[in-house]
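Chain identifiers are assigned alphabetically (A, B, ...) following the order of the sequence lines, protein sequences preceding nucleic acid strands; residue numbering begins at 1 within each chain. Both backbone and side-chain heavy atoms feed into the values below; hydrogens, waters and symmetry mates do not.
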Amino acid sequence: MITDRQTETGQGRVNQLGGVFINGRPLPNHIRLKIVEMAAAGVRPCVISRQLRVSHGCVSKILNRYQETGSIRPGVIGGSKPKVTTPDVEKRIDDYKKENPGVFSWEIRDRLVKEGVVDKASAPSVSSISRILRGGKRDDDPRKDHSIDGILGECPTVLIHCLHSPPHTAPIVPHTLPP
DNA sequence: TCCGTGACGGTTGAA
DNA sequence: CCTTCAACCGTCACG
């Protein structure tokens, strides 16, 4: 059985501060907004944490992210990175390297094409190959920089303006609907 | 007391 | 359609 007051749906959980959250899922947008609003208004993080009943670790993280990226939104969850090479191709590259550790990337590319492992047109770039050679890692991760910070309409001036409205009015969320 | 950090248990979604 | 698995989540506890 689960402790605390969980909702019937089993989704809601309550943290040490009495705040509701859903484990594994981002905080709702209006709370993220509020955190940034308050910080912009000069409220200390510890106060924000207590008042909104969000763990200080989370407040810290969200504020930090906002400072770095200018975005209120959580990162992109789930899915896999688009792969430029198939697992099969990666294995071949690995094999070639094992046979001849000093091999150049362009040589590998040539060989992949020559042996018909890949089509000439769709062959991985030399830099892709060298990346695979180097790390055995995945290709580079431009995921974060891809984030488009404009789409939310989260202009700080708007946030501050929100803040100035009387506390009893409903929080004005500028149509920030997650897909 | 405040806050940065990372382990932890969790969910997600393209491949 | 089902499974994988690396990405992110917020909370908690430590320092």
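- Residues G12(A) and V20(A) approach most closely at CA-CG1, 4.3 Å, considering heavy atoms.
- Summarising the geometry, the separation between CG on L63(A) and C1' on dG10(C) is reported as 15 Å, rounded to the nearest angstrom.
- Contact annotation: Q16(A) does not reach the phosphate of dG10(C) (side-chain N/O to OP1 or OP2, under 4.0 Å).
- Using a distance-only test at 3.5 Å, with no hydrogens or angles considered, no donor-acceptor pair links the side chain of N29(A) to the main chain of R73(A).
- In the displayed structure, R111(A) atom CZ is contacted under 6.0 Å by more than 12 heavy atoms of other residues, nucleotides or ligands.
- Between the CD atom of E68(A) and the C1' atom of dG4(B) there is a distance of 13 Å, given to the nearest Å.
- Within the structure, every side-chain polar atom (N or O) of S55(A) is placed at least 4.0 Å from both OP1 and OP2 of dG10(C).
- Across all strands, G57(A) comes closer than 4.0 Å to base atoms (heavy-atom distances).
- Per the geometry, CG belonging to L17(A) stands 14 Å off P belonging to dC3(B), to the nearest Å.
- Between the side-chain ring of H56(A) and the base of dC3(B), a stacking contact exists by the 5.5 Å and 30° definition.
- Here K34(A) contributes atom NZ and I48(A) contributes atom CD1; the two are 10.5 Å apart, rounded to the nearest 0.5 Å.
- Listed pair R50(A) / dC2(B) meets the phosphate criterion, a side-chain N or O lying under 4.0 Å from OP1 or OP2.
- dT11(C) atom P lies 10 Å from atom NZ of K61(A), rounded to whole Å.
- Side-chain atoms of N23(A) stay outside donor-acceptor range of the base of dG10(C), with no qualifying N/O pair under 3.5 Å.
- Here the P atom of nucleotide dC8(C) and the CG atom of L27(A) are 17 Å apart, to the nearest Å.
- Nucleic acid contact class of C58(A) (heavy atoms, under 4.0 Å, all strands): base.
- For dA7(C), the OP1/OP2 oxygens have a side-chain nitrogen or oxygen of K81(A) closer than 4.0 Å.
- Taking only side-chain nitrogens and oxygens, R13(A) never comes nearer than 4.0 Å to OP1 or OP2 of dT11(B).
- Closest to the side chain of P74(A), from the set dT5(B), dC9(C), dC12(C), is dC9(C).
- No contact: V59(A) has no heavy atom under 4.0 Å from any strand.
- Here the CD-CD1 distance, from E37(A) to I35(A), works out to 10.5 Å after rounding to the nearest 0.5 Å.
- Closest contact between the side chain of F21(A) and the listed nucleotides dA7(C), dT11(C), dC2(B) involves dT11(C).
- Taking atom CZ on R25(A) and atom C1' on dG9(B), their separation rounds to 15 Å, with Å as the unit.
- When the P atom of dG10(B) is taken as reference, atom CD1 of I77(A) falls 16 Å away, rounded to whole Å.
- Nucleotide dG10(C) holds its C1' atom 9 Å from the CZ atom of R32(A), rounded to whole Å.
- Side-chain proximity of R65(A) to dC3(B), dG10(C), dC8(C): nearest is dC8(C).
- Residues P45(A) and V59(A) come closest through the heavy atom pair O-CG1, 4.1 Å.
- Contact of S80(A) with dA15(B) (side chain to base): no donor-acceptor pair of N or O atoms is detected under 3.5 Å.
- The partner of dT5(B), taking Watson-Crick or G-U wobble pairs whose two distances both stay under 3.5 Å, is dA13(C).
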